[in-house]
J.: 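Okay, handing you the structure first.
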Protein chains: 2
Amino acid sequence: MTVLSTKERILNSTEELVAESGFCDLTMRQISTHANTNLAAINYHFGSKQSLINHMLERRLDTLFEMRLKRLDELENGSEQPCLLRQVLKAFIEPALVISNDERMGGQRFMKILARAYAERSDFLHELLSSRYANVIKRFAAAIERACPPLDEQTVFWRFHFIIGALTYVMADFGAASKTSHMSEQEFFATCNHQLVDFAEAALSAPRRLSECQADTASSA
Amino acid sequence: MTVLSTKERILNSTEELVAESGFCDLTMRQISTHANTNLAAINYHFGSKQSLINHMLERRLDTLFEMRLKRLDELENGSEQPCLLRQVLKAFIEPALVISNDERMGGQRFMKILARAYAERSDFLHELLSSRYANVIKRFAAAIERACPPLDEQTVFWRFHFIIGALTYVMADFGAASKTSHMSEQEFFATCNHQLVDFAEAALSAPRRLSECQADTASSA
DNA sequence: GTCTATAAGCCGATAGAC
DNA sequence: GTCTATCGGCTTATAGAC
């Protein structure tokens, strides 16, 4: 059992409290109590409440995007060119699930927090995504485009963002959804992973404007 | 120009303020100022802040689910049996976009609010969805299942929820996303609608476990 | 129904001892 | 680095006049 520094305890407590009840009710006093320290210590280490929240987001997001980039690098240095669509999607989606399954990286808490930060339109998060992580996202979009020859750039862009939406949303709703299922959290997570990768692959494999061949769809049973 | 009651002005102002800057910073004073009334009037009409927020959500959600149900009814009383997948998806997705395009129904504000409420895990919203609107959601899931014969119930369930996630997410991020595009808000919205329906149809038309025929996907360029 | 005024309490941030 | 005590400001909710 490692002894955590006050700074780490504050970050962990912030994560736990936000995951539990959102950003709205979050107070510095709550955090300091939960982290077994005091109000002044938080301001000493982070300067302000907003700066604390930013540090909390940055810590996990750096890990997430590093993992994604590493997997994409491995894939693009591999034998297959262009990469299989499914492999690219897994490189993007699975790191989120790995983090969610590892208690040392915040466990399932972090993805809930991320979804909330998205919905709250955190300026800081938006800035982070359009600067620090923008090149990773662009590289994924390009890899997906290469792996989906029938689709134009625009359509890949839209569908990729829809998939990010689905991923974010399902992670956020995880607690509630897993309760109504009859699986253990582990099983539910594995199922979610498979279903999401299948879903993403299905959505990106189909040609544009299926409306033009509706009859096919209806009769292909 | 209709003269609005104080109650309506309060609800409208609440929507506008939440859409603009989220639930976190929302204060009763802000609302009363924006609605050209005072603090006491809000408590007179709604009793408490939470009750006001609940009324705001319920007003638009009732409209949204009524529209969805009406379109599904029309579809199921029509000639085609089972309904075309695309038509069912449109019956679910388009009412959200209709509301978003109609200033009298809250315009683009409401979908942003809904996304935020989802992410905040509003107990009230969750309860509403799993009681008052549950039967509508179940009917859509059943209609989708009938229209997608190759897919099992479980997979339809997952993919339908992923699509709800994508819809919610993209509506929430609408302002930011439309700014970076080069279209007018109207154009952006229409594009979003088409892309989302195509996306949903693509995701639900593909068979399960595409992984089993990866070679096909890779070479079908 | 609508208002003013105020109660009662929590907030983030900081000063200053150790 | 960590603490206690406190400041100034803002919050929701309510009492009571009109």
J.: Could you tell me how far apart N43(A) (CG) and dG1(D) (C1') are, to the nearest whole angstrom?
T.: 14 Å
J.: Of the candidate nucleotides dG1(D), dC3(C), dC3(D), which contains the atom at the shortest distance from the side chain of Y44(A)?
T.: dG1(D)
J.: Using atom CG of L39(B) as one end and atom C1' of dG1(C) as the other, report the distance to the nearest whole Å.
T.: 15 Å
J.: Checking contacts here: which listed nucleotide (dG12(C), dT11(D), dT2(D)) is nearest the side-chain heavy atoms of K49(A)?
T.: dG12(C)
J.: From the options dG12(C), dT14(D), dT2(C), select the nucleotide whose nearest atom is closest to the side chain of A40(B).
T.: dT14(D)
J.: Aromatic contact between F92(A) and F160(A), with the criterion being ring centroids under 6.0 Å apart: yes or no?
T.: yes
J.: Which nucleotide, dC3(C), dC3(D), dC11(C), lies nearest any side-chain atom of T37(A)?
T.: dC3(D)
J.: For F162(B) and F199(B), run ring pair (Phe, Tyr, Trp, His ring centres under 6.0 Å): C-alpha distance rounded to whole Å, both residues' side-chain angles, the deciding distance at 0.1 Å, then the answer.
T.: CA-CA 11 Å; F162(B) 290 147; F199(B) 170 81; 9.9 Å; no
J.: Using a 4.0 Å heavy-atom cut-off, does L26(B) contact any base of the nucleic acid, only the sugar-phosphate backbone, or nothing at all?
T.: sugar-phosphate
J.: Please tell me which of the listed nucleotides, dT14(C), dT2(C), dT6(D), lies nearest to the side chain of R29(A)?
T.: dT6(D)
J.: Measure the shortest side-chain to side-chain distance between I53(B) and M56(B) over non-hydrogen atoms and say whether it is less than 4.5 angstrom.
T.: yes
J.: Taking the side chain of N38(B) as its heavy atoms from C-beta onward, which of dC3(C), dA13(D), dA13(C) lies nearest to it?
T.: dC3(C)
J.: Tell me which one of R116(A), K112(A), R60(A) satisfies salt bridge (Lys or Arg N to Asp or Glu O under 4.0 Å) with E15(A).
T.: R60(A)
J.: Give a yes/no answer on whether the side chain of T6(B) brings an N or O atom under 4.0 Å of OP1 or OP2 in dT2(C).
T.: yes
